[in-house]
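Structure first, commentary second.
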Amino acid sequence: MKLVVQRVKESSVTIDGKIHGQIDKGFMVLVGFCEGDNEVIVDKMIEKMIHLRIFEDAAGKMNLSLNDVHGAILSISQFTLYADCRKGRRPSFIDAAKPEIAIPLYNYFNQKIADSGIHVETGIFGADMKVSLLNDGPVTIILDSQDICK
């Protein structure tokens, strides 16, 4: 599982010309799953993500978590995080989880975030989405379960 976490002042996702999800301060998260991912991995990744201290405190130091600033999450499914570009010029996505694995994990991911008390907005798995964001910092953190869940 891979997460690209961007600290944002605002973010939205538009599908078929209509805003489907929108947040103010928080994280816009690109979420990708690979074969072998499961709910245990998702739980660990959520725990790591929501407790990242990457918001500034009164002294200007990155010392506050999403909960501390009452932030929200815009969650966007993104199988292209598993692009393999080692050969040729056309990426291979063979490592990305098939929809029958990824969709339930994506739904679980979003529900677990909501269950933790954080407001979450989403895109639609597999849809053609237009994502807009105002990156705050900019701050972008990449979390990979290969590193986090060792």
> Of all heavy-atom pairs between F109 and S75, which one has the smallest distance, and what is that distance?
Replying inline: CE2-OG, 3.6 Å
> Should M49 and F27 be marked as a side-chain contact (heavy atoms from CB on, under 4.5 Å) after you check the CA-CA gap, both sets of side-chain angles, and the distance that decides it?
Replying inline: CA-CA 9 Å; M49 175 185 66; F27 294 156; 4.1 Å; yes
> Between atom CG of L74 and atom OG of S11, what is the distance when rounded to the nearest 0.5 Å?
Replying inline: 4.5 Å
>> Once rounded to the nearest 0.5 Å, what's the spacing between atom NZ of K9 and atom CD1 of I23?
In response: 12.5 Å
> Would K25 and V69 count as a side-chain contact (heavy atoms from CB on, under 4.5 Å) if you check the C-alpha gap in whole Å, the side-chain angles of each, and the deciding distance to 0.1 Å?
Replying inline: CA-CA 8 Å; K25 185 176 203 168; V69 300; 4.2 Å; yes
> Does the distance from a Lys or Arg side-chain N to an Asp or Glu carboxylate O, for R86 and D84, drop under 4.0 Å?
Replying inline: yes
>> Whether the N107 and Q111 side chains hold a donor-acceptor pair (N or O, under 3.5 Å, no angle test) is what I'd like checked.
In response: no
> Any sub-3.5 Å donor-acceptor pair from D37's side-chain atoms to C34's backbone N or O?
Replying inline: yes
> Can the ring centres of Y106 and F79 be said to be less than 6.0 Å apart?
Replying inline: no
> Taking the side chain from S116 and the backbone from I113, do they hold a donor-acceptor pair closer than 3.5 Å?
Replying inline: yes
> For I148, what residues pass the side chain to side chain contact (heavy atoms under 4.5 Å, CB included) criterion, not counting sequence neighbours?
Replying inline: M45, K48, L143
> What about V131 and I124, same hydrophobic cluster or not, with Ile/Leu/Val/Met/Phe/Trp/Tyr joined at side-chain heavy-atom distances under 4.5 Å?
Replying inline: yes
> Of all heavy-atom pairs between A72 and I118, which one has the smallest distance, and what is that distance?
Replying inline: CA-CG2, 4.2 Å
> Nearest 0.5 Å, what's the CD-NE2 distance between E121 and H20?
Replying inline: 8.5 Å
> What closest approach, in Å, do D24 and V8 show between heavy atoms, and which atom pair accounts for it?
Replying inline: O-CG2, 4.0 Å
>> Let me check something: do I73 and F125 share a hydrophobic cluster, defined by ILVMFWY side-chain heavy atoms less than 4.5 Å apart, either directly or through other members?
In response: yes
> For D147, does the CG atom have more than 12 heavy-atom neighbours from other residues, nucleotides or ligands under 6.0 Å away?
Replying inline: yes
>> Once rounded to the nearest 0.5 Å, what's the spacing between atom NZ of K98 and atom CD1 of I103?
In response: 13.0 Å
> Do S77 and M129 pass the side-chain contact (heavy atoms from CB on, under 4.5 Å) test, and can you show the C-alpha distance, the side-chain angles, and the key distance before you say yes or no?
Replying inline: CA-CA 10 Å; S77 62; M129 298 177 275; 4.0 Å; yes
> Mind checking whether L81 and I141 sit in one hydrophobic cluster, side chains of I, L, V, M, F, W, Y counted as touching below 4.5 Å?
Replying inline: no
> If every non-hydrogen atom of G123 is compared with every non-hydrogen atom of V13, which pair is closest and at what distance?
Replying inline: CA-CG1, 4.0 Å
>> Give me the atom names and distance for the closest heavy-atom approach of S145 to I41.
In response: CB-CG2, 3.6 Å
> Are F55 and L133 joined in one hydrophobic group, where the rule is that I, L, V, M, F, W and Y side chains link up if heavy atoms are under 4.5 Å apart?
Replying inline: no
> Which value, rounded to the nearest 0.5 Å, describes the distance between L52 atom CG and L64 atom CG?
Replying inline: 12.5 Å
>> Applying a strict under-4.5 Å side-chain criterion to I, L, V, M, F, W and Y, I'd like to know whether V120 and M1 cluster together.
In response: yes
> Roughly how far, to the nearest 0.5 Å, is the CE atom of M28 from the CZ atom of R7?
Replying inline: 14.0 Å
> Side-chain contact, heavy-atom cut-off 4.5 Å: F93 with T80?
Replying inline: yes
> Mind checking whether V4 and V29 have side chains closer than 4.5 Å, heavy atoms only?
Replying inline: no
> Looking only at heavy atoms, which two atoms of L105 and E39 are closest? And how far apart?
Replying inline: CD2-N, 3.9 Å
>> Can a side-chain donor-acceptor contact be found between N110 and T122 if the only test is distance below 3.5 angstrom?
In response: no
